[in-house]
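Numbers here are sequence positions counted from 1.
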Amino acid sequence: MPGSVAGCAVFSVAKRSLCTPASWPGGIGSDKLLRGGWQTVEVTTDPRDAAPQFVLPLVVRIERAAPPARTDALETAARAVLLLRSDERATAADGEWAEAVRGWEDARIRKVVRRARGAEWRRAETLPGITVTGKSAEVRVFPPVPLDGWPKDLARLQVSGTELEDPEPPVAPEGGTPVLWLNPGVQMSAGKAMAQAGHGAQLAWLALSAAERAHWRDTGFPLAVRTAPQAGWESLTASGLPVVRDAGFTEIAPGSCTVVADHPALRR
């Protein structure tokens, strides 16, 4: 759905939706603290939770001697998600990945980034997927798999250890480039940020028209990932552009706004 990522922990309250703030005691519940005391509100389970849950695996290549730059890894991961989402194997009605992609987008949109090097990376490349190469980063994206049904060669890869750095601060994006703006107030590991950038790219894709998607695809999915200026973050989240709100499964509080997808076509 354009405007919010499906991975968000969303609850229906009096016919309205909200992402549970971390300030609520216990994280998620039916009691809401207001000025003057507690008020009990009706909270129903998100219907997407009843659907079979899938996850989109991404693997970043991190060799000890030559790790990729952080920003390039984030941008390459975002581009990988777009390439998979626009691939005929995912979009054609009879495509070999189409059913898995539909199931994934009908439930909570989850992405998990793992790292590989050497023989691990070579094994990962033998599985069905798409390898995307950036300036220094290599990321392989795979069709969605059941939450508890990872292929053996991917399940054994580590999630931790994806901390990366930029050798120099990234330059300002060229005018007209779609930008995935990161929340300047939220600290994330590189792996977590890669997944969030992928969410932002996917939301932008879903919000575009068919012609706009085709143009973005045909030009090679240009994009940039940058940390938003602190002073401009609030206006970005209120701009009507797609916003990623995290479900809070890892690292950060439920409902945290992590990325705003600023595609020029969505500002018109």
Side-chain angles (χ1 to χ4, degrees), residues 1-24 46-48 56 71 74-75 77-79 81-82 85-86 91 101 104-111 170 172-188 192-248 252-268:
M1 90 183 59
S4 64
V5 74
C8 179
V10 178
F11 296 80
S12 175
V13 180
K15 297 185 180 180
R16 298 176 62 190
S17 293
L18 59 90
C19 286
T20 311
S23 58
W24 288 19
D46 191 310
R48 291 169 302 176
L56 186 79
T71 296
L74 269 59
E75 293 174 350
R79 198 170 292 113
V81 171
L82 291 168
R85 187 58 187 79
S86 62
T91 59
V101 169
W104 172 55
E105 289 193 334
D106 285 345
R108 292 191 179 275
I109 299 178
R110 303 173 188 241
K111 299 177 182 71
E174 293 184 11
T177 300
V179 181
L180 305 172
W181 293 107
L182 302 176
N183 185 338
V186 173
Q187 297 296 315
M188 294 182 281
K192 178 73 172 180
M194 288 170 68
Q196 299 299 298
H199 287 334
Q202 186 175 359
L203 284 187
W205 170 264
L206 292 172
L208 293 171
S209 69
E212 290 162 346
R213 291 178 186 176
H215 176 73
W216 199 13
R217 180 196 64 222
D218 293 345
T219 54
F221 288 122
L223 58 84
V225 178
R226 297 291 186 271
T227 299
Q230 186 68 57
W233 178 247
E234 186 174 346
S235 63
L236 276 171
T237 59
S239 64
L241 293 167
V243 177
V244 177
R245 298 180 184 273
D246 193 66
I252 57 180
S256 299
C257 299
T258 56
V259 179
V260 174
D262 189 358
H263 192 293
L266 299 179
R267 286 187 172 270
R268 299 183 190 130

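Looking at Arg226 and Thr71, their side chains come closer than 4.5 Å, going by heavy atoms from C-beta outward. With a 4.5 Å cut-off on side-chain heavy atoms, Pro178 and Phe221 do not count as touching. Annotation: side chain of Leu74 is in contact with side chain of Leu182 (closest heavy-atom distance under 4.5 Å). The shortest side-chain heavy-atom distance between Met194 and Lys111 does not fall under the 4.5 Å cut-off. The closest side-chain heavy-atom distance from Leu223 to Leu82 is below 4.5 Å. Inter-residue side-chain proximity for Asn183 and Ser256 is flagged as unmet; no heavy-atom pair is nearer than 4.5 Å. Using a 4.5 Å cut-off on side-chain heavy atoms (C-beta onward), Thr258 and Lys192 make no contact.
A donor-acceptor contact under 3.5 angstrom links the side chains of Ser209 and Glu212, judged on distance only.
When all heavy atoms are compared, the tightest approach of Val186 to Cys257 is CG2-O, 4.2 Å. Considering every non-hydrogen atom in both Val243 and Thr237, the closest pair reads CG2-O, 4.0 Å. Considering all non-hydrogen atoms of both residues, Pro184 and Ala228 come closest at CB-O, 3.3 Å. The shortest heavy-atom contact between Ser235 and Gly232 is OG-O, 2.8 Å. Heavy-atom minimum distance, Ala261 versus Gly200: CB-O, 3.4 Å.
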Worksheet item: Would Leu203 and Val259 satisfy side-chain contact (heavy atoms from CB on, under 4.5 Å), going step by step from the backbone distance to the final call?
Response: CA-CA 10 Å; Leu203 284 187; Val259 179; over 6 Å; no

Practice prompt. Start with the C-alpha distance between Leu208 and His215, add both sets of side-chain angles, then the distance that settles side-chain contact (heavy atoms from CB on, under 4.5 Å), and finish with yes or no.
Written response: CA-CA 10 Å; Leu208 293 171; His215 176 73; over 6 Å; no

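Ring geometry for Trp216 against Trp205 counts as tilted: the plane angle lies between 30° and 60°, on a 0 to 90° scale.
We find the CG-CZ distance between Leu241 and Arg267 to be 5.0 Å, quoted to the nearest 0.5 Å. Atom NE2 of His199 and atom CZ of Arg110 lie 10.0 Å apart (nearest 0.5 Å). Of the inter-residue distances, the one linking Gln202 atom CD with Leu180 atom CG reads 12.0 Å to the nearest 0.5 angstrom. Here the straight-line distance linking atom CG of Asp262 with atom OG1 of Thr177 works out to 10.5 Å at 0.5 Å rounding. Atom CZ of residue Arg213 and atom NE2 of residue His263 lie 11.0 Å apart, to the nearest 0.5 angstrom.
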